[in-house]
Amino acid sequence: YNYGNDPAIAAISPDSSNSKIYGLGYKAKINTLGFSLGSTGFTSGPQRILTNLREYDLETGAPTSTIWDCKEEWRFMIIRSTDDVDTLCPEYKNSTAPNSGPLLEMYLALKQLMPTWGVNLSKRCIVPLDKNAGKCYGTGSLPINYSGGICDPALGTCPHYVSICKKR
C-alpha cells in the first residue's frame, strides 16, 4: 500500500497494484505480571512480560511454521542506574560469559543487543552502564518497587523488563 504515493512510507508490494503487501509480521503476547527480586511476586500491576511471539505471512495472513522460544529464564528486570544497583543486581559490571550451553547463548545475545548494559544472569537483572541510557523509567525520582507485592503503574513505580525470544 502506498499512502499518498509517497515511497518513503510505502509498504512493499508483490505486484504493481499496490493492493497487496508481503513480508513477515509479528504478534507479541504480553500477559504476565513481572517477577520480583524479593521473596514474593507481584500481586498487582501491569503485565509487562513478553511470553509468546508468533510470525505471520503478511500476504496470506496465515501464521508461518516458524517457532519462537520466549523462555522464562530469558527475561530480565531492568534496574534503574540511579538506584542501589550493587545491592539489587550485584556483579552486573563484572559479569563473565558462561562456558557453554543456553546461558552462554543468552549472555552473548544480551551483549550483542545491549552492549552498554551490565547483566547478572543468576538474578536475571540488567543495568544500563551509561547513565544516559535506559530511560524506560523516565526522569522521575519515585522509588521503583523491585521486591514484589503491589506496584502502582499510575505512579510509575512498577519495574520494566527485557524479554529475549529466540527463533528455532
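Hydrogens, waters and symmetry mates play no part in the numbers below; they use all other heavy atoms, side chains included.
Within the 4.5 Å cutoff, side-chain heavy atoms of R124 are placed close to those of E72. At least one side-chain heavy atom of I144 sits under 4.5 Å from a side-chain heavy atom of D83. The shortest side-chain heavy-atom distance between L88 and V85 does not fall under the 4.5 Å cut-off. Put simply, the side chain of S163 does not reach to within 4.5 Å of the side chain of W74, judged on heavy atoms. Taking the side chain as every heavy atom from C-beta outward, K167 and E55 approach each other to under 4.5 Å. The shortest side-chain heavy-atom distance between Y92 and L129 falls under the 4.5 Å cut-off.
Residue D57 comes nearest to T60 through the heavy atom pair OD1-N, 3.2 Å, listed as atom of the first residue, atom of the second, then distance. Here the shortest heavy-atom pairing between I126 and C89 reads N-SG, 4.1 Å. Of all the heavy atoms in G61 and Y56, the pair that sits closest is O-CD2, 3.6 Å. When all heavy atoms of K111 and G118 are compared, the pair lying nearest together is NZ-CA, 4.3 Å. Heavy atoms only, all atoms of each residue included: C158 and P153 are closest at SG-N, 3.5 Å. For the pair P98 and L104, the tightest heavy-atom approach, listed with the atom from each and the gap, is O-CD1, 3.2 Å.
Remark: R54 is not positioned above the aromatic ring of Y26, lacking an NZ or CZ atom under 6.0 angstrom from the ring centre and at most 45 degrees off the axis.
In this structure, L24 is not a member of the same hydrophobic cluster as L58, with clusters built from ILVMFWY side-chain heavy atoms closer than 4.5 Å. A chain of hydrophobic side-chain contacts below 4.5 Å, direct or via other Ile, Leu, Val, Met, Phe, Trp or Tyr residues, connects V119 to L108. One hydrophobic cluster, built from ILVMFWY side chains closer than 4.5 Å, holds both W117 and I164. The hydrophobic clustering, which links ILVMFWY residues whose side-chain heavy atoms are closer than 4.5 Å, places I79 and L113 together. Residue L50 is not grouped with residue V162 when hydrophobic side chains (ILVMFWY) are merged at heavy-atom distances under 4.5 angstrom, including chains of intermediate members.
Looking at T32 and Q47, their side chains never bring a donor and an acceptor atom within 3.5 Å of each other. In this structure, a donor-acceptor pair under 3.5 Å is present between the side chains of N120 and S122. For the residue pair T157 / D152, no side-chain donor-acceptor distance below 3.5 Å is found, with atom types taken as modelled.
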**OP:** Please report the C-alpha distance between Y146 and S36 in whole Å, then the side-chain angles of each, then the deciding distance to 0.1 Å, and finally whether the side-chain contact (heavy atoms from CB on, under 4.5 Å) criterion is met.
**Re:** CA-CA 6 Å; Y146 299 111; S36 74; over 6 Å; no

**OP:** Show your working on side-chain contact (heavy atoms from CB on, under 4.5 Å) between K123 and M77 and close with a plain yes or no.
**Re:** CA-CA 9 Å; K123 288 200 71 143; M77 181 183 285; over 6 Å; no

Original post:
Are M114 and F76 close enough, and set up right, to give a side-chain contact (heavy atoms from CB on, under 4.5 Å), and what steps lead you there?
Top reply: CA-CA 12 Å; M114 303 172 80; F76 295 84; over 6 Å; no

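Applying the 6.0 Å contact sphere to CG of N99 captures no more than 12 heavy atoms from other residues, nucleotides or ligands.
Although no hydrogens or angles enter the test, the distance criterion places a donor-acceptor pair under 3.5 Å between the side chain of R75 and the main chain of C70. A donor-acceptor pair under 3.5 Å is formed between the side chain of T51 and the backbone N or O of K29. Judged purely by atom type and a 3.5 angstrom limit, T43 uses its side chain to pair as donor or acceptor with the backbone of G149. With D69 contributing its side chain and K71 its backbone, the two residues share no donor-acceptor pair below 3.5 Å. Remark: side-chain polar atoms of N145 are paired, donor with acceptor, to backbone N or O of I150 under 3.5 angstrom.
In summary, E105 and K166 engage in a salt bridge, as defined by a charged side-chain N under 4.0 Å from a carboxylate O.
One distance of note links SG of C125 with CD1 of I78; it measures 11.0 Å at 0.5 Å rounding.
In this structure, the ring of Y161 has its center less than 6.0 angstrom from the ring center of F35.
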